[in-house]
Peer 1: 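The following block contains the structure, expressed as structure tokens.
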Protein chains: 2
Amino acid sequence: MRVIRTAAAQLGPIQKAEDRDSVVARMIALMDEAKRQDADFVVYPELALTTFFPRWYHADRAEADPWFEAAMPNAATAPLFARAREHRMAMSFGYAELTPEGRHFNTSILVDRDGRIVGKYRKVHLPGHEEYDDARSHQHLEKRYFEPGDLGFPVWRMLGGILGMCICNDRRWPETYRVMGLQGVEMVVLGFNTPSVNAQRGAEGLGQRLFHHRLSVQAGAYQNATWVVAVAKAGDEDGHHLTGGTLIVDPNGSVAAELEGEADGVIVHPCDLDETRFGKETIFDFARHRRVEHYGRITGQTGVVLPE
Amino acid sequence: MRVIRTAAAQLGPIQKAEDRDSVVARMIALMDEAKRQDADFVVYPELALTTFFPRWYHADRAEADPWFEAAMPNAATAPLFARAREHRMAMSFGYAELTPEGRHFNTSILVDRDGRIVGKYRKVHLPGHEEYDDARSHQHLEKRYFEPGDLGFPVWRMLGGILGMCICNDRRWPETYRVMGLQGVEMVVLGFNTPSVNAQRGAEGLGQRLFHHRLSVQAGAYQNATWVVAVAKAGDEDGHHLTGGTLIVDPNGSVAAELEGEADGVIVHPCDLDETRFGKETIFDFARHRRVEHYGRITGQTGVVLPE
């Protein structure tokens, strides 16, 4: 048994007007609750410190810079890091990263039990679009405000296991999990902000959105024999509704724990990393079963090439 | 609307003692039923002509050759091809292929409405093992009796759409669907023979086996915006039970039709290939969203490379 007592710490909505100090206070309250439940590791959502700002269009992109963090930790998040060290609680959360060179990424970090940032991931699969789109019921401007991540999908040895990260839309792409699976990942943590309405197909509905979320996460877990911890920012942000669906999926692809509702809340599950072994050693023993000689298109071409 | 009225034609068990003529008569009966339901295309299981023989160990591999077909069509299957031409019914089925050079493959074919074989696929992801394994509750000797397929995952223009094939265990591997998705596949057909018992984890249970089946097929459909038609050989073959789970999954990943039970049976669904367009043009518009520069491990390494 190699158990990480893992807390999925869902955040309810963050309105545009809410400042980071207030959000960090909410995150600390969730961490305290995770600690009461004896967690070792707390996982927060994507862009945890602010509202999901890519829904707001700015003609001048620089006007979005106040949503970004120029350093991490910084004044606003220092109390969160301090409380984590006090609790000896590892953590992961997402934020908008502005680099010293002026580059913008949708980023998440892994922080060890000593409060040190040991891993950084930058979202690879940015959904949405770059220019204002009248045809959509709402805007989703991640391709406007962020560059695609430039760090790939690394994994890190931490908490006695091999951990990786991805963010939101990454979870729909099997490549995400596979690249980490090929590094032996035992737990993938991911935060998400998923609009309840498909901006291009309003009829889709919340149920279908949650189905696609669960399907993607469960398949990624099963097909790579890894735990997946998926944490939502949920609820109504300034009239824009985000799905819930915070859940912890085991290496068989089954939902081990799930949070109801769309408010701030925590679920804690004892994730035994040794449960990944059976899948990795049998049906998904990649070395025995994968046939890379037939996968060339996956890396050899980006888009579709139709047959003649 | 580009509708293929597709029949998933499940076969119940085929005992060792049952000969091909008898099986072909059952397949023809299913085809006639599909025709009564106005189908254009009938899909049968993997290794449709015989029992699932890889469960039987032969020290001399050549003793398994009687389970193989040295030509297709052949005397046993000629009546099936004749009936298909008569009905103007396209079809796909699986069989064990012995080539003139003495090579062995787990193969499936696409046959057009004129009874011509227009596509051949050879199973890439062979499960199981090569030598007798005392530690298993039953043998699964696909790696003993077959070579891995050497044809990749091609697609074909047929019935007004783009069709591809895979077989059984291939469906658990996201690479399978993605390689076809990158060729614009609109319908993947697959047959399977899946033991109800995990030979290495008896406690897993039928429910979990069916869950993994559905999860893999539904995720492959959703993540590539394609129809998937998955057809079982089901039931008790000489004391060895195979799962059912014959289903047709739509390009949203939802089960559009499902066959109950483990006997011979047909479900017909009008699969509109234009339903694949929304997914292919939005969230899974590969050209806009995929980032192949970060997928290198998927083709660059077969097995796991652990981090330092």
Side-chain angles (χ1 to χ4, degrees), chain A residues 124-127 148-149 152-157 162 169 172-175 177-179 181-184 198 200-201 208 211-212 215-216 218-220 222-223 252-254 278 280 282-308, chain B residues 124-127 148-149 152-157 162 169 172-175 177-179 181-184 198 200-201 208 211-212 215-216 218-220 222-223 252-254 278 280 282-308:
Chain A
V124 164
H125 298 100
L126 298 172
F153 295 98
V155 300
W156 295 269
R157 291 192 182 272
I162 300 174
N169 181 50
R172 304 182 194 275
W173 297 82
E175 291 89 344
Y177 306 94
R178 188 60 104 226
V179 172
L182 283 162
Q183 300 168 81
N198 186 327
Q200 296 168 293
R201 184 181 260 187
Q208 183 85 325
F211 163 67
H212 287 156
L215 178 63
S216 299
Q218 292 181 263
Y222 167 60
Q223 293 173 335
N252 276 309
S254 297
F278 180 77
K280 290 183 191 296
T282 63
I283 196 163
F284 296 116
D285 178 348
F286 294 162
R288 290 189 66 224
H289 300 307
R290 294 181 78 245
R291 306 297 315 184
V292 298
E293 68 273 28
H294 298 306
Y295 303 160
R297 289 179 187 272
I298 295 174
T299 49
Q301 65 189 69
T302 299
V304 172
V305 177
L306 293 174
E308 289 180 2
Chain B
V124 164
H125 298 99
L126 298 173
F153 296 97
V155 301
W156 294 270
R157 290 192 182 273
I162 300 174
N169 181 49
R172 305 183 195 274
W173 296 83
E175 291 90 345
Y177 307 94
R178 187 61 105 224
V179 171
L182 283 163
Q183 299 170 81
N198 186 326
Q200 296 168 289
R201 183 182 262 186
Q208 183 85 324
F211 163 67
H212 287 156
L215 178 63
S216 299
Q218 292 182 264
Y222 168 60
Q223 293 174 334
N252 278 308
S254 296
F278 180 76
K280 290 183 190 296
T282 63
I283 197 163
F284 296 116
D285 178 348
F286 294 161
R288 290 188 66 226
H289 299 307
R290 294 181 78 246
R291 306 297 314 184
V292 298
E293 68 272 28
H294 298 306
Y295 303 160
R297 288 179 189 272
I298 294 174
T299 49
Q301 67 189 67
T302 298
V304 171
V305 178
L306 294 174
E308 289 177 5

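Letters A, B, ... are given to chains in the order of the sequence lines, protein chains preceding strands, and every chain is numbered from 1. Treat the numbers as computed from the prediction; the structure is a model and nothing was measured.
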Peer 1: To check you understand the geometry: which heavy-atom pair defines the closest contact between A/F286 and B/V304, and what is its length?
Peer 2: CD1-CG2, 3.9 Å

Peer 1: Can you tell which of A/R201, A/H125, A/Q200, A/R172 makes a side-chain contact (heavy atoms from CB on, under 4.5 Å) with B/I283?
Peer 2: A/R172

Peer 1: Which bit of B/N252 is near chain A, if near means a heavy-atom gap under 4.5 Å: side chain, backbone, both or neither?
Peer 2: both

Peer 1: Let me know if A/R157 has heavy atoms under 4.5 Å from chain B in its side chain, its backbone, both or neither.
Peer 2: side chain

Peer 1: Parallel, tilted or perpendicular: which one describes the rings of B/F153 and A/H294, with boundaries at 30° and 60°?
Peer 2: perpendicular

Peer 1: Which atom pair, heavy atoms only, marks the closest approach of B/V179 to A/Y295?
Peer 2: CG2-CA, 4.0 Å

Peer 1: Quick check on A/P148 against chain B: is it the side chain, the backbone, both or neither that has a heavy atom closer than 4.5 Å?
Peer 2: side chain

Peer 1: Can you find a pair of side-chain heavy atoms, one from A/L182 and one from B/V305, that are under 4.5 Å apart?
Peer 2: no

Peer 1: With a 4.5 angstrom heavy-atom cut-off, could you sort out which part of B/I162 is near chain A: side chain, backbone, both or neither?
Peer 2: side chain

Peer 1: So which of B/K280, B/Q301, B/Q208 has the biggest tally of heavy-atom pairs under 4.5 Å with chain A?
Peer 2: B/Q301

Peer 1: Only pairs of heavy atoms separated by less than 4.5 Å count here; which of B/N198, B/I298, B/T282 has the most with chain A?
Peer 2: B/I298

Peer 1: Between B/G152, B/G296, B/P174, which has the largest tally of heavy atom pairs under 4.5 Å with chain A?
Peer 2: B/P174

Peer 1: B/W173 vs A/F284 aromatic rings, parallel, tilted or perpendicular, using cut-offs 30° and 60°?
Peer 2: perpendicular

Peer 1: Ignoring hydrogens, what is the shortest heavy-atom contact between B/H289 and A/P127? Give both atom names and the distance.
Peer 2: CE1-CA, 4.4 Å

Peer 1: Which bit of A/N169 is near chain B, if near means a heavy-atom gap under 4.5 Å: side chain, backbone, both or neither?
Peer 2: side chain

Peer 1: Which one wins on heavy-atom pair count under 4.5 Å against chain A: B/Q218, B/E293, B/R288, B/H212?
Peer 2: B/H212

Peer 1: Which heavy atom of B/Y222 sits nearest to which heavy atom of A/S216, and what is that distance?
Peer 2: CE2-OG, 3.4 Å

Peer 1: Any idea which heavy atoms bring A/G253 and B/F211 closest together, and the distance?
Peer 2: O-CZ, 3.2 Å

Peer 1: Taking B/P307, B/G220, B/P154, B/G300 one by one, which has the highest count of heavy-atom pairs under 4.5 Å against chain A?
Peer 2: B/P307

Peer 1: Specify the closest pair of heavy atoms between A/R290 and B/R297, including all atoms of both residues, with the distance to one decimal.
Peer 2: NH1-O, 4.5 Å

Peer 1: Would you check if A/Q223 and B/L215 make a side-chain contact, meaning some heavy-atom pair closer than 4.5 Å?
Peer 2: no

